[in-house]
Structures are given as C-alpha cells and as structure tokens.
J.: 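Quick one: the structure is below, and I'll ask about it shortly.
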Amino acid sequence: MAVLTEEQALLRDMAAEWVADRAPVTALRRMLHEAPGTGYDPALFADMAAMGWAGILVPEEHGGSDFGFVGVGLILEQLGRTLVASPLLSSGLVGVSALSLGAGAVQQAAWLPRIATGEAVVVLALEEEGRHDPSRIALAATREGEGWRLVGVKAPVPDGMAADAFVVAARVAGDGRDGIGLFLIPSDAPGLSREPLARIDGRGAARLRLDRVTVGDDAMLGGAETGGALLDHILDRGRAGLAAEMLGSATQAFETTIDYLGTRTQFGQLIGSFQALQHRAVGMYAELVLTRSAVEAALAALDADSADAPMLVSLAKALAGETLHRVAREMVQMHGGIGMTEEHDAGLYLKRAAVADATWGSSAFHRERYGRLAGY
Amino acid sequence: MAVLTEEQALLRDMAAEWVADRAPVTALRRMLHEAPGTGYDPALFADMAAMGWAGILVPEEHGGSDFGFVGVGLILEQLGRTLVASPLLSSGLVGVSALSLGAGAVQQAAWLPRIATGEAVVVLALEEEGRHDPSRIALAATREGEGWRLVGVKAPVPDGMAADAFVVAARVAGDGRDGIGLFLIPSDAPGLSREPLARIDGRGAARLRLDRVTVGDDAMLGGAETGGALLDHILDRGRAGLAAEMLGSATQAFETTIDYLGTRTQFGQLIGSFQALQHRAVGMYAELVLTRSAVEAALAALDADSADAPMLVSLAKALAGETLHRVAREMVQMHGGIGMTEEHDAGLYLKRAAVADATWGSSAFHRERYGRLAGY
Amino acid sequence: MTGSDAPAGFRAEARAWLEANFPPSLAYRNPVPYQNDAAFAEADADWQVWRDRMAAQRWGAPGWPVVYGGAGLDAGDVRILAEEMARIGAFNPMKMTGYTMLGPTLLEYGTDAQKAAHLPGIAAGRVRWCQGFSEPGAGSDLASLQTRCTDEGDHWLVEGQKVWTSGANHADWCFALVRTDTSAKQRGISFLLIDMTTPGVETRPITLISGSSHFCEMFLNAVRVPKDNLVGRINEGWGIAKRLLQFERDSLSEGRGGGASLLPLARERLGVDAQGRIAEPDVRARLIRHAMRVQAYNLTRARIGAGIKAGIPGDAMVPVLKNLGSDVAQDRADLMLELLGEQGLGWTGQGYGETEIEAARQWLHSRAFSIYGGSYEIQNNIAAKRTLGLPDAPVRK
Amino acid sequence: MTGSDAPAGFRAEARAWLEANFPPSLAYRNPVPYQNDAAFAEADADWQVWRDRMAAQRWGAPGWPVVYGGAGLDAGDVRILAEEMARIGAFNPMKMTGYTMLGPTLLEYGTDAQKAAHLPGIAAGRVRWCQGFSEPGAGSDLASLQTRCTDEGDHWLVEGQKVWTSGANHADWCFALVRTDTSAKQRGISFLLIDMTTPGVETRPITLISGSSHFCEMFLNAVRVPKDNLVGRINEGWGIAKRLLQFERDSLSEGRGGGASLLPLARERLGVDAQGRIAEPDVRARLIRHAMRVQAYNLTRARIGAGIKAGIPGDAMVPVLKNLGSDVAQDRADLMLELLGEQGLGWTGQGYGETEIEAARQWLHSRAFSIYGGSYEIQNNIAAKRTLGLPDAPVRK
C-alpha cells in the first residue's frame, strides 16, 4: 500500500465501505440479470456521482474536485474488487481527460460540469474490431467545407450505449500516429447510430456506425497534427486507471482463493496445507506486490506529469494484465469444478481478466511498447 | 525410448556399459586434473575408436560402418550421461559430415579412413568470438592466383587443439548465407597457429589464427555458391548429435537428483516427499519426455534425409538446451549448498549446459530459426 | 512421416475412404468440447451422415472385436486410421464417454453378456453413456463417495447424489461408483451400470462459465438396478474405476495437440513485416514457442504409441501426457484470444463472427482441461509417486 | 523521482560528497558477490581509499548512533544516501556480514558493553565477521545444529563443526549458534561471539563451482570463550537468530535489482535492425521482460522502504523480496550469458575479456542466490505461513 495522505486514506476507506455495502459481486449479478440498456446500474452510478467520484478529475472551476490520479486509482481499485460496472473509468477518467487535455473553453464548460454531476457520459471511441493499435486507426475523416465528414465503424466502445457524446479517433492524414484527429461528437448527431455488443464480461459496450457524420472544426480536440500525441496521453491515463481497477480485481480474486484454501478439505487435510499450492500462492502474492508497485508509480507519475509516465503506465498495464490473468486462472483451478460453474464468482473474474487485458492494449502490446520506449 | 532395431539396442547397451565401466564422471575429473593438451583423454578415445565408434558415420568403403544418425545418437546420449569429453561429435560426426557431403574423392580417401580408426581428427572452425550466426561469417577468403588466401581468427574451435585438419568457414563474397565457402586446411598449414581456450566445461577448444594461409581450389568443400547451404547441412547434423548428448546429460542429472530426493532427509522427512519438489520433478520429467521425442525425430529425419529435418533439428536443439539448463539448475537447487561445491557433480552438469546450449546456436537461436522455417 | 511418399496398404485404403466419405463441412470442427454432447452434434445433418457412414464401416470402434461391433483392426492400423483422420481434420463421431471409457473397461472386466449387451450400441454411436463418479463435496477425493447401494435380494437399491455427470441429461445409460460397504473406503466401492430411464433417476444441468450445460447433477432416489448390472465383483469397483480413469486420462490427452495451425490466423490478424515475419514480436515469440511445444507433444504421443505397439508399456506416461495436453490446449486457447484482440471477447450476437464467439467460449472452457478427468495437481501427485517413485508425502488418510 | 529537479538539502550534500570522493574506477563493480570478500577488495587500492573516506564520513553505518561509529542519520536520509550511491554505481564498502547482520542484531539484543566493543570496528570496516550457523548435514533445518557449548564456570567450552561459513578464513570474529541444551531443539540454542584467533578455531575453504572459495568449513576444537560473549540469555539464541536472518534476507534482496542496464551490451552484441530494435526478436522479448521486472522490483523496494519510513511494517514482505531478488538477479546473469554467446563461456586466460570471464563466474555464482540465506523453498514456506496465513502442512517435527 502506498503511503497515503489523510485525504487519500479517507477516500479509499469510503470507497471500500461503499463497495462492500452497496456493490458486492451480487450487485453485478443483479445488473447482468436485469440487463439495463446502459450495461451498468444507473442507480449505483448516480450514487457514485453524488459522492463526487464522477467529478474527481474535473477541475474545480467546472464543479469537480481535481483530486488527481492516485486518488481516482484508489476508488477504481476498490471498484475492481467486486467487479463494479460503471462509466467512472470510461467517462469520469478517460472522457474527462480528453476534454481537459484537448477541448476548448466552450466545450469544457458545456460538458465537464455535467460529467461531474453524473448527468452526462462522454467516452472514447477508438477500437475498430481488432487488436488495439492506436497508430493504425482507419476510420476516415475528410475535409468538407469548414468541417469534417466521418465514415466508418468503431467497436467496441466501452459504455457506448450510455454515452451522450463520443471522442472519436479518426484518420485525417497519412498513416501512423501522426495523421490522427480526435472529434467530439454528440450521440444524437445525424448519421451516428449504435447497437449494443454482448461481451463476456457483461458490461456495456457499443458498436458505433458513423455514416457521413459531419462536424465543424470546433469539434476537433487538439490539432490535426497533435491528435496522435493527445490520444496517447488520454490513453495512458485510462490505462493507468484500468490497471488500478485490475489490481483490485486480482487482489480480491487472490484473497477469496486464499480463504478457500484455508477452509476446503481434501484427503483429510486443508488444501491450503498442500505445499505445491502454498508455493503457487506465494508466487501469485509476489506478482501482486510487483503489480501494486507499478500501478502506484504510474498513477503518481501522471500526477507529477513526469516524463517517464508512458513507460510506467505500460509497465503497470502489462503487469496488471499478466497478474489478473494468472490469479483468475488459479482462482478457477484451486476451486476445482465449482470454480467452473456459472454460479461461482471465479468465472466472473476470469471473464473480466480477458476484457480488461485486451482493453487499450494487452500485456503483449505493453511489453512491446515498454521495450520500444526503453530503447530495446 | 524409441523403438530400436536389434542392432541399435545392442549398440546402446554396449555404450551404456562402456560408459559405466570406463568413463564415469570421475574420468572427466581425472582428465580435468591431468589436463592433456587435447582437452580429452586420448586413451578413452582410442578405446572408442577401437569399438568402431569413430567411424560409425564413415561409409563402408572408407573403413566405417555407416550406421546412421539414430545409431550415433544412441552413443552420444550415453556419453552425455557422464559428460564424456571426446572428439566423437566434433570429428566423428561433424568432420565426417563435412567430408562426406562436401569433399571430393581424393580428400575423402585421404581423411575418412584415418578418422574412422581414430588416427585423425577433423573439426569445423566456424565461430568468431561471438554469438552463433552462420550467416554473418566474416573471416575473409580472397582469391589469390589459382587458390585462396585466408586471414582472420576462429574461436572457439571445439577440439581444435587436437585437430589434424580444420574445415574453415570463410567469407568468399557478399554478405549473408550465400557468400560462404568451406575450406579443408591441415593443422600444419603455413600461417595457421592455435592456442588453447580454457572454457567452463573444461573440454578442449582452440583459438585459431589464420595469418595469410593459402590453399588451392581443391581445398574448397562444395562450391563457392553452395557453401552456406552445405554448412547448414553439416551444422544440422552436429546439432542433432549434440542434442542427443545433451538429452543424455539431462537424463542423468535428473536421475541423480531423483535419487537424492529419495534419500536426503530434512525436518524429519525425505525431501522427495515435499509436494512442491514433487511437482517440480514431474515438470522436469515432462520436459525430458518432450525433448526425447524431438531428438529422436530429428535423428530419424536426418537418416531419412527428410525435408523437415532442419525444423526438427531446431526443435530438438532448442528443447535440449532449455531442458538441460532447467534440469541442471534444479540439480543444484535441490541439492542445496553441496550442489554449489566444486566437489559435487551438479556444477559439472551446469557448466556443460551453458557450453552445449551456446554451441551451434542456443535455444533462443533455434526458436527463432524454427519460427522462420515454419513461416512465423 | 514426411508425407512425401504415396500411401500404400491400409493407409491408402483409409485415405481414400475418408476423402470420399468425410463431410468437409465438419473439418476441424470436432471436438468442440465445451458443447461436445450428442444433442448438439446430432442437430447437425452432416454429423448424422458421418456417424452413420462410420458405423456402417465399423471404424467408430476400429480396434474392437467384430462380434462387438468393431472392425477388429490391429493397433498399427488403428493408429494409421487416426493419423489419416487427423490429416484432413476428421474425427471419430463415436468417441464419447461410452467409447473412450466404458468400452475398454467392459472389454477387460465385463461378462460376455454385458459385452454383448452394451458394446455394439456404443460402437454404432446409438447408445449414450455418462459417468456417475463424482459427488458433491468430494472433489479430487473420489473414494470418499457416499451413494449407498444395498442388496435387496433380487435387485440393488441405490440412493444418493452425483455431480459433474457429463451429458447425463442426454444419456441412455450411466456407469456409476456406489458404496456397498460403509466400513471401508476404497474397498467398499462397487461398479454399477444404471439405465437412465429407471424410475428415481433425475438430472439437472449445471451451467458453466462458458455458457454450456453439459455437466449435470444426478439424483438417485430409491433406484432399483438388476443384479446382473454389477461389473466385476462386489466391493472391487475401485480397481475397475482406476483402470477406467486411465482410459479417460489417455483419451483426454489425445487430440490436445490438434486443431488447425494458428499461423494463418496470426498472419491475417497481426500482419507481417518487411521480412515476412509476423509483425508483433512479443506475440510472435509466444506463437513460435507454442508451435514447438505442440509438435513435441504430438511427436511424444506418436513415439509412445509406437512403443506400445512394440510392447513397451506406456502407462507411466499417462498422467504426464494428461497435463502436457492440458497445457498445450490451454496455451492455444490463450493465444487464439490474443490474436483476436477485441474481437475475441464476444459472448453472443452481432458484431462477432462464429469463430470469434467460439474462440471466447473455448477459452473459457479450456480452464476445465486441468480440472476434470483428475486435476493437474492429482496427475502430478500420481506421476511423482508412480512414474518417478518419489516417497509418499505424510498425508493424513 | 523524475530526476528532473535539482537536488536540495541532504540529497545535494550527499551527491556532492559522493561525486568528489567515490573513485570512478569502482563504479558498478561492487558487489561482486562470488568474490566479495575483504581479502579481494582490500587488494584494490581504490577500494581502500573509498573505505577510509567512508569511514571518516561515518557513512558506512549511516543510521547507527554516533556513539557506535555511525552518522546518526534518520531513515529518510539513509535512503537518500543509498539512492545517491546507486545513481552513480557507488556502494557501501562496510556492507559485509558484520554490518548487515550482526550490527542490527547487537543494536537490538546486545549489552552496552557488547555494542561499544564491536560496533565501531564494523562501522569503520576494520573488523571482519563471519556467521557460524550452518552445520554439516543440517541444510535448511538449521535448528538441528549439534555444536556443543558447555558452561565451565569462568568460560564457555565449544566443540563442534560449522560449514558454509562465508569468509571465515579472513574473519576476525564469528557470531555462532551453539547448543547449550540437548534436551530441546530450538529452545536449547544460544548465540555466541567467538574470536577467530582463539586456540582451537580452524578453517578450511570450500571451492565452489564458480571457482571462488569464500565459503569455509570451520572446526571448533575445545574453544574457550569468555562468559561475556553470550548475546541475550542462555537457550534464547534461536529468537535472536531468526531476527538476524530477517536482516540477512533483507540485505540479500537489496541490490538485486542493481547493476548497469543490459541494453548497451545487448545493442552491441546482438546488433539492431532497420527500425533500431535489437535484432534478435526472441532474446529481445526476454530482455524487455527482464527490464520490466527489474523496474517493478526496484519500485517495490522503494515502496516498502517508504512505507517503513511511514510506520507501515515491512516484515511480511521479506521472504517474498528475497525470492524476487534471486529471480531477477539470476535472470540477469542468464541473459548476460546469452548476450555474450561463445564469449560468455571462458574460465580463465587469453581469448576472453575481463567482463566476459566475470559474466561466466557470476552466472555460476548466481545459482547460490536461491540457496543461501534461506533457500527459495524455505522462503516460500515462511511466506505461505506468515505472510499469507495458510495452514501448516502436516510435517513430522
């Protein structure tokens, strides 16, 4: 655990308590059963917003608390423990980052206060039905008069069914990272349609179709030349937040498994006394320790706007992906047959591991990115 | 164990018996202590030659038995068990292969019968003080009149101090695999000098200096255009033989460790009853099983001159390297402090693992080669 | 096996027949273990055609005696047939619980009457069997089972509950372990064949994380079973079960190295660089390692198979192969997910192709490979003791 | 720690002094654990200069009280000093057995007289200590030790044999565990300080596979030890030893993430491709993973250090860090060997550079990281029980 300020410690404790009271894993099961169109429980998110979490990164002049990345990481870690579905990450962190880093004053004033209260959800529309690679965005934005025309498909868009606006990454020139532009597009823009995607973790995601959506120059975040760099910044913030959430999920999966090892009997002895399982448990614990260090360092580097933030973010996301996968698999394995059943929680962690790992770059992507950034 | 012919089974049993009687690990220690200039015990090699092993791949018309690669692999595996140092692999397999595949009738008649009797040792001089990469040979052979002039350094040359002739790989044109020529050069050629290299496995190796050594066109094996392909063929035979030897070393290191697990007591119980060690032991055994399959398949593919031999050879050499490293490390680890002492055999297996893995391409080299051959 | 020679003899015969009779639509599509139950397969018209052709050819149980519905082939020809099927992605439609597990067990332990009654239906793919071994709470400690079986003179009376009974909801028959003596652990267990239509037998599917439901709970309430349905002698069922579990492990490790190569998919989804290499170095390195291990695993199965044919026993390898097989199959499922990226995460519906959905389900299902048929840990324990001869851990019995 | 700001306060002071006083010839050259004994180091003139400067500055034991030869720095400044040393590849020349293990133990358990007698010599790097714990045949089961210590009224009489006594042949003093009660196991052990010049003490070096001999056998034949040399109370030495072993584990995991980056060597030996990437993809992927784990490991040490400073106890992490530290250091040694290829296999003599020979020796030596100071297995057992609270295995005591 990082050394926290008093405020941070309070925030974490409040989040832990809220999650235990209001959003245990049964809340996820209830949401999956009721299947609201949003892909999360709107009442729970309203509750979070009421506590100020939706605006935790929003500048104070726009109604937020500007609490920083270490702070939002503490909440996301607690949410990750019980796999809480909400747009806190997709909108409260990523959407807010896109607007804070790239939008003009008018757009910021239009959207940030509403995000902070939970009224509005703004998410990033990035992926194009394949492997994560921000440098290879294909959806075309072409000049049309004073504005742009966008044509193409974006999928999956996390929390895309609930979103009131999208930050759409599009190809404005050339290839590679340099020709990327980001456009802020309201969900009711003519030509924009969406359909829900059913993914294994049951959270909300959309397939977005842009059929000659036209926007003005003022819809562009940052500039046409700097869109790629801006996108990297936004993504790195999202990745660090997601890594914190994944750390929480992995920690809980581990603790649940350790509890089981201490209560389940086989062949007349507690299975936690079997040395082979003990050593594997210690191995998992060591990975959790390393992952926590990387996640905390990445969040702190973002708060400090430090030059090594991209490397630390890739380190954190890569380790979080490896660790959550490993712990979730061991959770299933050590629980045996019951861990394979739909009624047991292990499968929920396993499914979330796959989705979270693939989101904004898998472990493999981030190992490669770390290597490139480090000069390998 | 492969399904062997009666002849092969006899050969293997004879080799096993000879190794146990005449060449246990203490024979290696004696050799290391006496440090003959050859880097192996000449008396032991004479014994091997007397049994026909030095000529096991030599065609019958040149005094050998032409027994095939599965056959020589059976012997090498047994020699590997007790880490026997001898030029059987470097000369009896690799030297013979270079002559059989690349030399003209005159050279074959001059050298093969003497190799078969153990009188002559002919080895490959390939490496140039770095990582194995046959396509990047630099030692220059330039045209001079009707022949060639060679200038450069070759090191390490396995069994190079004992060799009567060298097959020297040299750059005759361009770069990459295509501009490589192989030259048969007697050890007393003017301009050729050598000095012993002391390596961690204590076997004989030399650093060879060619100071304007001139040879005629008849010294070239194969042609200037096909030297690279010929070299690959020769190397693949050597690699398969070496993999068989490494399989033997790994098998013995494993068996010695299993014996120790069944006799050593700690905390009042046999350490082999600790489940964590049991599971690691089974893991090692599984790797040995896979490695054996790959080694036998590679040797059989060479005997059949099959098109997938290069892939199978890389599979075998890669697995043999991984497995021998792993087993040798576990041998040290599971023996504890005593395994780290010079007087215990574990260190000898560990040292041999490093040298054998690096020879003719490490596991990393062969994984990459396998990948290229398979289209990855 | 260089594949360069034209086949001769039985290989030529098998190849020709398979090419003429195997429906190409099924190539590489079986086993789909997470939904590999008869009900699924039988819904496929091509699958039915294939089963009937194989039954007529008697190649569903190629090594069984002709009198019991087999083709009476020797072990060499059985292997050739399997190789030729693998060559074109074909499979044996009879290869279900009855064929892989009960069949060889009955051949060893059954009476002539039991063999005649049950084997032909299995060989023809007409009678479906399920395995009633596991019980709630027993987990890996199989012998702690509690289902009571009492001798009522003219019949057995069975009372208890089973779980993880694969395909029980579609099965015609069940082979079960029951407790006939409560004063002993292993030595109080018997091996019984139960008609699933008997009054008192009820099943309830268990939904798995992959969404499939081929495992069931099975309830046995005052089930009356004819005396002749006991296999072997009373209280000697544990030995039969251990033998059967060997057949199971063996069948589970079979085919684990199978499936189409990941290479084409990888080249398509990851792209290639200027040198023609798969463009993502980290994933490429893992794909290469996987391909190597698959080949080594398949070479091992072939090597051990050849050894068995030549009289070298392969029993000691069974637990090791079971775990190696789980490893390569799980690794394959992991890599498939990695290759598909965001497209490998679909559960249902539009936005995802059929193979993409299947990859996600298969990935989830693959976690069971190291649990069922004796967990990874149990196989390691067995191998440590039996294969390596390591001393017993001081486990309280 | 972005390094972009100019340092201030103690950090500025430390940086300036280090830059002025640390001999550049020693940068990244210590620890060289396989030959890290005083005799080796003292042969180096720069090393002597460095030791004497550090002693004069009192930074060899920066956190110890001034009265015992330390500098009395607080934990924050101690950490800053360590960071500034790491920044330029400097090291603490006093960091030997006496400083890392005995020092903190005496500060906790020693009498004032013992502290005054022994700590200043350690802080100045003038008195060398060795650890007499292990005995032949005991292995990881340390408490089974047999060296007898009897009370002869005015002195202790010690009789027995020790092994793996690192640096005993160069040591001035030894802290040893001895048996003062044969009727108990752990509760019959005492902690004794022995002057190595006492008659009856003999040592014999053990040659290791890396060729070094810093481990010894130590023979104790009727050795008379003053009564005052007992640390703590009679038969209570096991508790002191466990505390000391924590210090040892902690010191062993320190510095494991150190050493110069492998990147320049990798680029030199493997070459780079057209995109500037290291040319061999397989090795490159492993180098990247290693670099990531080293960074995560170092971040973890920093995080736990910061926590300890803030009053969050770090004891539970010690066995986990010990194993992680062995892992990264062994992995580094493996990769170094891989990078050097044929040039990483030299034992002595011409044909190999000094770094090349050192890489081979260091690789061999690195296998000991997971054995000494409590083996990998022992650390895992401790962590399972104490850190995770898993139940005891039913081990016969």
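Worth knowing before you read on, the calculation uses all heavy atoms, side chains too, and leaves out hydrogens, waters and symmetry mates. Letters go in sequence order (proteins before strands), and every chain restarts at 1.
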J.: Relative to chain C, which segment of A:Ala276 carries a heavy atom at a distance below 4.5 Å: side chain, backbone, both, or neither?
T.: neither
J.: Is the closest basic N to carboxylate O distance between C:Asp282 and A:Arg369 below 4.0 Å?
T.: no
J.: Before giving the answer on side-chain contact (heavy atoms from CB on, under 4.5 Å), spell out for A:Arg329 and C:Asp334 the whole-Å C-alpha distance, their side-chain angles and the decisive distance to 0.1 Å.
T.: CA-CA 11 Å; A:Arg329 280 156 203 221; C:Asp334 291 347; 2.7 Å; yes
J.: For C:Ser370, is it the side chain, the backbone, both, or neither that has a heavy atom closer than 4.5 Å to a heavy atom of chain A?
T.: both
J.: Does any backbone or side-chain atom of A:Arg372 lie under 4.5 Å from a heavy atom of chain C? Answer side chain, backbone, both or neither.
T.: neither
J.: Could you give the distance from CD (C:Gln343) to CD (A:Glu128), rounded to the nearest 0.5 Å?
T.: 11.0 Å
J.: Measure A:Leu277 against the heavy atoms of chain C and call it side chain, backbone, both or neither at under 4.5 Å.
T.: side chain
J.: Can you tell me which portion of C:Ala143 sits under 4.5 Å from chain A's heavy atoms? Options are side chain, backbone, both or neither.
T.: neither
J.: Contact part of A:Glu127 toward chain C, heavy-atom cut-off under 4.5 Å: side chain, backbone, both or neither?
T.: side chain
J.: Tell me, side chain or backbone of C:Ile378 under 4.5 Å from chain A's heavy atoms, or both, or neither?
T.: side chain
J.: For a 4.5 angstrom cut-off between non-hydrogen side-chain atoms, does C:Asn381 reach A:Phe267?
T.: no
J.: Measure A:His344 against the heavy atoms of chain C and call it side chain, backbone, both or neither at under 4.5 Å.
T.: neither
J.: Any side-chain heavy atom of A:Arg207 within less than 4.5 Å of one from C:Gln350?
T.: no
J.: Within a strict 4.5 Å, meaning less than it, do heavy atoms of the A:Arg131 and C:Glu280 side chains meet?
T.: yes
J.: Where does C:Leu270 contact chain A at under 4.5 Å (heavy atoms): side chain, backbone, both or neither?
T.: both
J.: Tell me whether A:Lys351 forms a cation-pi arrangement with C:Trp363, defined as NZ or CZ under 6.0 Å from the six-membered ring centre and within 45 degrees of its axis.
T.: no
J.: Minimum heavy-atom separation for C:Arg286 and A:Ala364, please, with both atom names.
T.: NH1-CB, 3.6 Å
J.: For C:Gln330, is it the side chain, the backbone, both or neither that has a heavy atom under 4.5 Å from a heavy atom of chain A?
T.: neither
J.: Roughly how far, to the nearest 0.5 Å, is the CD1 atom of A:Ile200 from the OG atom of C:Ser210?
T.: 11.0 Å
J.: What are the two closest heavy atoms between C:Ala138 and A:Arg264, and how far apart are they?
T.: C-NH2, 3.9 Å
J.: What are the two closest non-hydrogen atoms of C:Thr348 and A:Ala198, and how far apart are they?
T.: OG1-CB, 3.4 Å
J.: Sort C:Ala360 into side chain, backbone, both or neither according to what part of it lies under 4.5 angstrom from a heavy atom of chain A.
T.: side chain
J.: Would you say the side chain of C:Leu208 lies within less than 4.5 Å of the side chain of A:Glu342, judging by non-hydrogen atoms?
T.: no
J.: Give a yes or no on whether A:Arg209 atom CZ has more than 12 heavy-atom contacts from other residues, nucleotides or ligands under 6.0 Å away.
T.: no
J.: Checking heavy atoms, do the side chain of A:Thr341, its backbone, both or neither come under 4.5 Å from chain C?
T.: both
J.: If I measure from the heavy atoms of chain C, does A:Glu195 come under 4.5 Å with its side chain, its backbone, both, or neither?
T.: side chain
J.: Could you state the interatomic distance from CZ (C:Phe369) to CD (A:Gln333), rounded to the nearest 0.5 Å?
T.: 12.5 Å
J.: Answer with side chain, backbone, both or neither: which region of A:Ser363 has an atom nearer than 4.5 Å to a non-hydrogen atom of chain C?
T.: neither
J.: Should the pair C:Arg367-A:Glu330 be classified as a salt bridge under the 4.0 Å nitrogen-to-oxygen rule?
T.: no
J.: Is it the case that more than 12 heavy atoms not belonging to A:Asp211 sit under 6.0 Å from its CG atom?
T.: yes
J.: With a 4.5 Å cut-off on heavy-atom pairs, point out which of A:Pro196, A:Gly371, A:Gly336, A:Gly202 contacts chain C the most.
T.: A:Gly336
J.: Give, as side chain, backbone, both or neither, the part of C:Leu345 having an atom under 4.5 angstrom from any heavy atom of chain A.
T.: both
J.: CD1 of A:Ile271 to CD of C:Glu377: how many Å apart, nearest 0.5 Å?
T.: 8.5 Å
J.: If you define the side chain from C-beta out and look only at heavy atoms, does anything of C:Tyr352 sit under 4.5 Å from A:Arg199?
T.: yes
J.: Is there side-chain contact between C:Thr207 and A:Glu343, with at least one heavy-atom pair below 4.5 Å?
T.: no
J.: Side chains of C:Ile371 and A:Val332, heavy atoms from C-beta outward: is any pair under 4.5 Å?
T.: yes
J.: Just how far is it from atom CH2 of A:Trp360 to atom CD of C:Glu342, taken to the nearest 0.5 Å?
T.: 10.0 Å
J.: A side-chain contact here means heavy atoms from C-beta on lying under 4.5 Å apart; do A:Met340 and C:Tyr372 qualify?
T.: no
J.: Checking C:Leu337 against chain A: side chain, backbone, both or neither under 4.5 Å from a heavy atom?
T.: side chain
